[in-house]
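Contents: one structure, followed by commentary.
Every number for a ligand or one of its atoms is a count from 1 in the order of the listing. Computation of the quantities below employed the complete heavy-atom set of this structure, encompassing side-chain atoms and omitting hydrogens, waters and symmetry-equivalent molecules.
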Amino acid sequence: MDNTALPLIRLSEYFAKYPGIGMKTAKRLAYQTMSFDIDEVEAFAKALIDVKESVHFCPICQTFTDLSICKICSDAEIGKRDMSTICVVETPKDINAIERTSEYHGVYQVLHGLISPIDGITPEKIKIKELLTRLKDSDTIEIIMATNPTVEGDATALYIAKLLKPIGIKITRLAFGLPVGGILEQTDEVTLFKALENRNVM
Ligand SMILES: [Zn+2]
């Protein structure tokens, strides 16, 4: 018989919603919560609510921000970054990976997903139309497709490249000497810098 107190089970079920957390770990986290002071637990609960209440999509690049426009886009508006180059990534975390190289000075576009028909993710379900809208009256010279070198990442890059071809913008793809299936986030700065520097025209 499971003698776990009901509130602990309820909390465990929430922890188990996170990727990579099984029920066993979720229960351990729930029990661990019992060792926190009430102040800490209240701050934790408030941090969860804050994420949902104050974080939204940047209206320009679609990354997550708690500002009216994100820091990178606002730097671009005051000329601190090159607005003519847009690097297209899958997730906001990928921006941080590329920023760590300190070699990229353009702006970004976050897709929030990759096209994957098997999983029911059609082009309309990711932020491609936001990219198209953004390109309408912009002076963009180059789009760097920096989606991961996976089946979905390649398919998404190709789809967008085809879509943009008639507009006449130069479209490049990161030169992945990266391990196939490698994830930007887990790639070291040097490798990522090389992938950026040796990017190929699509
Ligand atoms: Zn932005």
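Within 6.0 Å of the CD1 atom in Ile118, the count of heavy atoms belonging to other residues, nucleotides or ligands does not exceed 12.
The number of protein N, O or S atoms lying under 2.8 Å from the Zn ion (ligand 1) is 4.
Counting all heavy atoms, side chain and backbone alike, Tyr108 lies closest to Arg81 at CE1-NH2, 3.9 Å.
Looking at residues two or more places apart in sequence or on another chain, you find a salt bridge (Lys or Arg N to Asp or Glu O under 4.0 Å) between Asp75 and Lys71. The side chain to side chain contact (heavy atoms under 4.5 Å, CB included) check on Thr91 picks up Lys93, Asp94, with sequence neighbours excluded.
Applying the under-4.5 Å side-chain rule to Ile, Leu, Val, Met, Phe, Trp and Tyr, the cluster around Ile69 extends to Ile60.
Separating the CZ atom in Arg100 from the CD1 atom in Ile95 is a distance of 12.0 Å, to the nearest 0.5 Å.
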